[in-house]
Structure formats: C-alpha cells, structure tokens
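These numbers come from a predicted model, not from an experiment.
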Amino acid sequence: MVFFLSVLSCTSKKEIADLLITNAKIYTVNEAFEIVEALVVKDGKIIFIGTTKEANEHFEAKNIIEANNQYVYPGFYDAHAHLYKYGLTLQTVNLRGTKSYEDVVAKVVAFQQRKKVAFIEGRGWDQNDWENKEFPTRAKLDSLFPDIPVVLTRIDGHAMLVNGKALALAGITENTKVDGGQVEVINGKTTGILVDNAMELIKAITPEPSLKTKIQALKEAQDTVFNYGITTINEAGLDREIIELIDSLQKAKVLDLNVYAMAMATKENLEYYTKKGIYKTPQLNVRSFKFMGDGALGSRGACLHLPYTDKPKQFGALLSPIEEIKRIATQIANSDYQMNAHAIGDSTNTVLLKIYAEVLKNKPNRRWKIEHAQIMQEQDFDYFKLGIIPSVQPTHATSDMYWAEDRVGAERIKNSYAYKTILNKAGLIALGTDFPIEEVNPMLTFYAAVARKDLKNYPENGFQMENALTREETLKGMTIWAAYSNFEEKEKGSLEIGKWADFTIFSEDIMTMPIEKVPYVKPTQVFVKGKEVK
C-alpha cells in the first residue's frame with residue numbers, strides 16, 4: 001500500500017526531507033489502525049508513511065533513524081492535566097507518597113530548613129494512604145510555625161490544611177461560612193481543614209509567584225512531560241494571564257509543548273474569551289472553559305444524590321447553584337467555545353448532563369466534555385449518546401479503589417469508574433492523568449485502563465474488570481480520540497500525511513508486551529513538529 005503523494009511516482013529524483021524513519025513498527029492509529037515501516041517528515045509535517053523500500057526509493061533526509069526493533073506511536077495526549085500547577089509544585093513542598101501526618105510535618109520542616117521562605121506551600125498529602133485516615137489538624141504546625149503561614153493542599157486540590165497564622169491572615173474563624181465549601185470546626189475550634197470554596201479565602205492571601213517562578217514552573221513541567229512521551233497537554237483550568245504567558249513562551253521558542261488551554265469559567269474569562277472567539281496557533285488552542293461542578297470523592301466534596309455511606313449526614317455539594325450553572329452553560333453555548341465540566345459525584349453528573357442536553361439542543365458537534373464522570377447513575381450513561389465526550393483518568397480508579405466503596409457503598413460503586421460502559425455509549429473516550437493529583441507517566445494511564453490494577457498486582461483479578469479497556473481503545477484514548485475531543489483530529493492524534501510530526505519512539509511494544517511491564521517503559525526519543533525534544 002502506498003501512502004505518499006502520487007506525484008512522486010512520476011519522477012526518479014528523490015525529494016529532500018528533514019527526517020526519515022525506516023525499519024520501524026509504526027502504529028499510525030489511523031482509521032484502519034494500520035501499522036507501517038517508514039515515516040518521512042518535512043517542515044514539521046508528515047509527508048509519507050509506508051514501506052522502508054518506498055521511503056528509500058523516493059526520499060533523502062538530513063536525519064535518518066534506522067529504527068530496527070523500535071516502535072513508533074503518535075505523540076501522547078494527556079487529556080486532563082494541570083501543567084502550570086504541577087510546575088509550581090516543583091517549587092514547593094512535595095507531599096506525594098507521605099505515609100502519615102508525621103511524615104508530612106517532617107517534609108515541611110526539612111523544606112523550610114533549606115528554603116527559609118516567608119510563606120510555606122506544599123501539595124500532595126492524602127490521608128487515605130495513612131494508617132489514621134482522619135483529616136489532620138493544625139496543632140503541630142501551629143507549634144512549629146507560629147509566625148509563618150503554612151498552606152498544604154490535599155492531593156486532589158479540593159481540600160487543604162493550614163496553620164493558625166494562615167487562618168488569621170485570611171480572617172477565617174469558627175464562625176466563617178462559605179457557600180460551596182467548608183471550614184471544619186470541631187469542639188468549637190477550627191481544625192485548619194478547608195474544603196473546596198473555603199480554600200479561596202486562603203488563595204486570596206497567598207503571595208503571587210514572580211514571573212521568573214512562573215516561567216521556570218512551565219519549563220520544568222514541560223521537561224517532565226516530554227520525558228514521558230507526552231506532546232499535547234489539555235490544561236484543565238487557567239487564568240488568562242497564564243494562557244497568554246504560555247502563548248508568549250511558545251512564540252519565543254521557550255516552550256515546544258502543544259497546549260489545549262481551558263480557561264477557568266470566571267466572569268472575567270467568560271466575558272473576554274466569548275467576545276474574542278477561538279484563539280489558535282500551531283501550538284496553542286484556546287476554545288474551551290473549565291467549569292468546576294463539585295469537589296472530590298476523597299475529601300467528601302463530590303456531590304451525591306444520597307449521603308456518603310461512611311458519613312451518613314454528608315452529601316458533598318455543588319460549587320454553584322443550578323441556575324448559575326445553567327446561565328454559564330447558556331452563555332458558553334451561545335459562543336463557539338466548549339464547556340468542560342468537572343463532575344465527580346452522581347448528583348453533579350446528573351445536573352451537568354441534563355443542562356448540557358438542554359442548552360445544546362439543535363447545536364450539533366459541540367463536543368462538550370464531562371471531566372472525570374466518576375460516580376454515575378445508570379440512567380445517566382445514555383446522555384453520552386448525544387455527542388457529549390467523557391474525559392476520564394484511569395489511574396483515579398486504581399488510586400481510589402481501596403476506599404471508594406467505603407464512600408459510596410456496594411451499589412453505587414458498580415457504576416463508578418465505568419470507563420467501558422461510558423465508551424460504549426459515547427463511541428470514544430479521552431484519557432488523561434489529572435497530574436499532579438496522579439503521576440505524570442502516561443504508561444500508568446495505559447496500565448490502569450487495561451489491567452485495572454496497582455503496581456503491586458492488586459487486586460489479583462483487576463478492579464471491576466468489566467470496565468477495563470482494550471489496548472487499542474486505550475491507545476486511541478491517549479491519541480486520536482483526545483485529539484477529536486479538542487477539534488484537532490485533522491492535525492494531530494494519528495500519524496498520517498499532512499499531520500504534524502508529533503510522535504514517540506519506544507524500544508519495547510506496549511501493544512504486545514506483558515501488561516505488568518508497561519508502567520516501567522520510557523520513550524527513547526520524542527518529537528514535536530519534527531523537532532526532537534527528548
């Protein structure tokens with residue numbers, strides 16, 4: 001089969017290209033999911049795919065890769081991540097993997113001994129990983145840091161622990177009430193735990209990072225994702241300032257990463273971007289709003305129809321009144337923009353899906369997304385038949401599986417993390433990580449989607465394996481389906497003539513190797529628009 005421009009067959013003169021890859025196993029992820037041997041790049045785009053013989057006959061290149069026993073895949077998308085936030089976490093206390101509150105405190109102390117900052121920030125703790133699974137309190141932080149604010153964000157970004165100094169600076173007391181959030185009070189005293197909208201009071205008094213810190217955060221985050229073979233990030237929630245900073249850094253050739261940027265659905269952003277219209281460059285795509293429907297399951301902020309099984313008086317909460325959600329959705333529907341809504345709890349999914357169906361009536365091909373679609377009512381799955389796109393994170397299932405049933409009970413868990421069910425309704429599914437909540441590594445996404453296990457092979461038979469995805473479905477979810485969800489399927493997401501040369505080369509084949517080895521595979525080379533970035 002010949003995949004190059006037919007004009008080449010009329011001449012014996014070889015065309016000069018920039019890059020020629022031969023003798024590889026190349027997964028095109030085109031409509032037929034074809035596998036080829038050779039790929040040719042010129043001016044950042046693919047101009048040929050086919051056999052090694054045909055490539056050598058018709059092309060010469062400045063750069064030739066004889067990819068014997070190597071495997072080429074389209075550059076991976078992360079369909080839901082927080083690149084900028086991740087970069088900022090690299091500048092603060094990393095609390096991922098802590099096994100106790102004492103471990104958290106020790107890391108904060110060690111960080112402050114090194115950095116000696118005036119405002120301590122950290123992220124990544126998860127009390128579900130500790131022997132004592134109750135929320136921590138601020139007492140220890142108060143004793144160690146009586147005069148320095150300490151703000152430690154939970155791994156999911158929906159709760160934080162702060163000390164007394166931070167509470168005082170923010171004016172938070174035991175009498176503070178916040179719609180869509182919670183200031184935890186026990187025995188008449190604040191514990192230092194703030195959930196969802198209550199965190200905004202702390203964010204208001206948190207020092208703004210310097211421009212130098214912001215640029216460094218983005219550059220370090222880019223380095224990390226390139227090392228894992230990710231070439232496009234769906235940035236799930238940014239302010240205009242950071243979107244414009246990314247744009248300027250891309251134009252200055254400081255950032256090579258492709259970014260699909262969701263602007264946070266604030267009043268100011270909605271007003272600005274709906275009037276401006278879609279903004280698109282070869283590297284940046286601004287055409288969507290991130291809307292926060294509810295909180296997270298781990299902090300019991302996800303909004304449920306019925307109470308939490310392990311907290312019978314708690315339901316979680318919507319972060320905005322239903323009428324406000326409908327008003328924002330209508331405003332977005334009347335523009336060219338997508339609405340991408342964070343929806344964890346089954347009540348939140350019901351509300352958002354109903355509103356989507358209502359405001360998008362007679363508006364086909366809008367490709368609005370539900371981000372997470374984590375806990376669902378069975379009757380709500382059918383909404384995905386309407387062209388609504390599920391954007392999910394397979395590692396959430398394998399991170400939450402130890403305690404999720406405690407939260408929602410034996411019946412609701414059956415329709416939770418139900419990726420195969422959702423795929424069967426929607427016809428496609430976009431896959432991401434939600435880093436820094438989860439690890440950056442897309443191979444963990446691949447493994448979790450297919451095996452539904454943790455890295456210790458637990459559970460032995462997989463977690464709710466009826467909702468596992470096949471390897472082909474998973475690869476599509478990390479490439480062409482994610483591209484489609486961004487209106488980018490004609491330029492990226494598969495290796496086809498005319499598309500950008502974004503691809504990743506591995507020395508092992510993730511489509512055939514033992515699945516338990518996939519998490520440990522790393523790319524040998526990564527290309528964005530024909531340029532080697534790793």
Side-chain angles (χ1 to χ4, degrees), residues 17-29 33-42 44-46 48-52 55-56 59 61-78 81 83 219-233 255-258 431 433 435 439-450 455 471-472 474-480 482 492-496 499-534:
D18 298 318
L19 173 64
L20 172 60
I21 299 176
T22 59
N23 296 308
K25 184 175 183 180
I26 301 172
Y27 288 90
T28 65
V29 196
F33 207 77
E34 289 170 302
I35 298 170
V36 299
E37 297 176 329
L39 179 151
V40 180
V41 177
K42 185 175 183 179
K45 293 192 174 182
I46 298 168
F48 166 90
I49 55 171
T51 67
T52 295
N56 287 329
F59 296 94
K62 305 168 189 175
N63 184 13
I64 299 174
I65 298 176
E66 289 282 350
N68 296 303
N69 300 315
Q70 295 204 75
Y71 306 87
V72 182
Y73 305 88
F76 297 130
Y77 273 71
D78 190 314
L83 183 81
K219 289 170 64 177
E220 289 187 22
Q222 174 182 258
D223 290 344
T224 300
V225 301
F226 280 160
N227 283 338
Y228 285 114
I230 298 168
T231 58
T232 300
I233 288 288
L255 293 182
D256 293 312
L257 184 67
N258 300 310
L431 303 180
T433 62
F435 73 72
E439 299 286 351
V440 177
N441 188 358
M443 292 299 95
L444 298 177
T445 298
F446 194 95
Y447 174 71
V450 175
L455 296 181
R471 296 194 200 209
E472 182 174 323
T474 302
L475 185 57
K476 287 179 177 178
M478 296 166 64
T479 55
I480 191 62
K492 288 188 289 181
S494 60
L495 301 177
E496 300 181 75
K499 291 191 175 185
W500 289 113
D502 294 355
F503 56 88
T504 301
I505 302 176
F506 285 82
S507 60
E508 296 177 86
D509 189 354
I510 63 173
M511 300 299 287
T512 60
M513 68 188 295
I515 192 63
E516 64 273 10
K517 294 184 178 180
V518 167
Y520 308 101
V521 175
K522 284 191 174 182
T524 56
Q525 291 174 280
V526 181
F527 291 79
V528 176
K529 295 179 173 57
K531 174 184 176 181
E532 187 170 4
V533 294
K534 179 198 180 295

Worksheet entry | Minimal non-hydrogen separation, Ala38 against Ala55, with atom names | CB-CB, 3.7 Å

Discussion item. Quick one, Ile233 and Phe435 - any side-chain contact, counting heavy atoms below 4.5 Å?
Written reply: yes

Worksheet item: Can you tell me how far the CZ atom of Phe527 sits from the CD1 atom of Ile21, to the nearest 0.5 Å?
Response: 5.5 Å

Practice prompt. Give a yes or no on this: more than 12 heavy atoms of other residues, nucleotides or ligands lie within 6.0 Å of atom CG of Asn69.
Written response: no

Worksheet item: What's the spacing between Leu19 CG and Lys42 NZ if we round to 0.5 Å?
Response: 13.5 Å

Discussion item. Would you compute the distance between atom CG of Leu39 and atom OG1 of Thr28 and round it to the nearest 0.5 angstrom?
Written reply: 10.0 Å

Discussion item. Taking the side chain as everything from C-beta on, heavy atoms only, tell me whether Ile49 gets closer than 4.5 Å to Glu34.
Written reply: no

Item to complete: Tell me whether the guanidinium CZ or amine NZ of Lys492 lies under 6.0 angstrom from the six-membered ring centre of Trp500 and within 45° of its axis.
Response: no

Worksheet item: Is a side-chain donor or acceptor of Thr52 paired with a backbone partner of Asn23 at a separation under 3.5 angstrom?
Response: yes

Item to complete: Please round to the nearest 0.5 Å and tell me the distance separating atom NZ of Lys25 and atom CE of Met511.
Response: 8.5 Å

Practice prompt. Report yes if some heavy atom in the side chain of Val518 is under 4.5 Å from a heavy atom in the side chain of Val450; otherwise report no.
Written response: no

Worksheet item: What distance do Ile35 atom CD1 and Asp509 atom CG have between them, rounded to the nearest 0.5 Å?
Response: 7.5 Å

Fill in: Main-chain N/O of Ile510 paired to Arg471 side chain as donor or acceptor, under 3.5 Å
yes

Discussion item. Checking the side chain of Gln222 only, and the main-chain atoms of Asp256 only, is there a donor and an acceptor separated by less than 3.5 Å?
Written reply: yes

Discussion item. Checking Glu37 against Thr51 for the side chain to side chain donor-acceptor pair (under 3.5 Å) test, could you report, in this order, the C-alpha distance in whole Å, the side-chain angles of both residues, the deciding distance, and whether it holds?
Written reply: CA-CA 5 Å; Glu37 297 176 329; Thr51 67; 4.8 Å; no

Fill in: Check: Asp502 and Lys529 side chains under 4.5 Å, non-hydrogen atoms
yes

Worksheet item: With side chains defined as the heavy atoms from C-beta onward, is the minimum distance between Asn227 and Lys522 less than 4.5 Å?
Response: no

Fill in: Closest contact, heavy atoms only, Thr504 versus Pro523
CG2-CB, 3.3 Å

Discussion item. Would the distance check show the side chain of Thr479 and the main-chain N or O of Ser494 forming a donor-acceptor pair, the cut-off being under 3.5 Å?
Written reply: no

Worksheet item: So among Ile480, Val29, Thr231, which one has a side-chain contact (heavy atoms from CB on, under 4.5 Å) with Pro74?
Response: Val29

Practice prompt. Could you walk me through whether Leu495 and Val36 pass side-chain contact (heavy atoms from CB on, under 4.5 Å), step by step?
Written response: CA-CA 10 Å; Leu495 301 177; Val36 299; over 6 Å; no

Fill in: side-chain contact (heavy atoms from CB on, under 4.5 Å), paired with Val440, selected from Ile230, Thr445, Thr433
Ile230

Discussion item. Could you tell me if the side chain of Tyr228 sits less than 4.5 Å from the side chain of Asp78, heavy atoms only?
Written reply: no

Fill in: Minimum heavy-atom distance Lys534-Glu532, with the two atoms named
O-OE2, 3.0 Å

Worksheet entry | Rounded distance [0.5 Å steps], CZ in Phe446 versus CZ in Phe76 | 8.0 Å

Worksheet item: Which word best sums up how the rings of Tyr73 and Tyr27 line up, parallel for under 30°, tilted for 30 to 60°, or perpendicular for over 60°?
Response: parallel

Discussion item. Taking the six-membered ring for Trp, are Phe506 and Tyr71 closer than 6.0 Å centroid to centroid?
Written reply: no

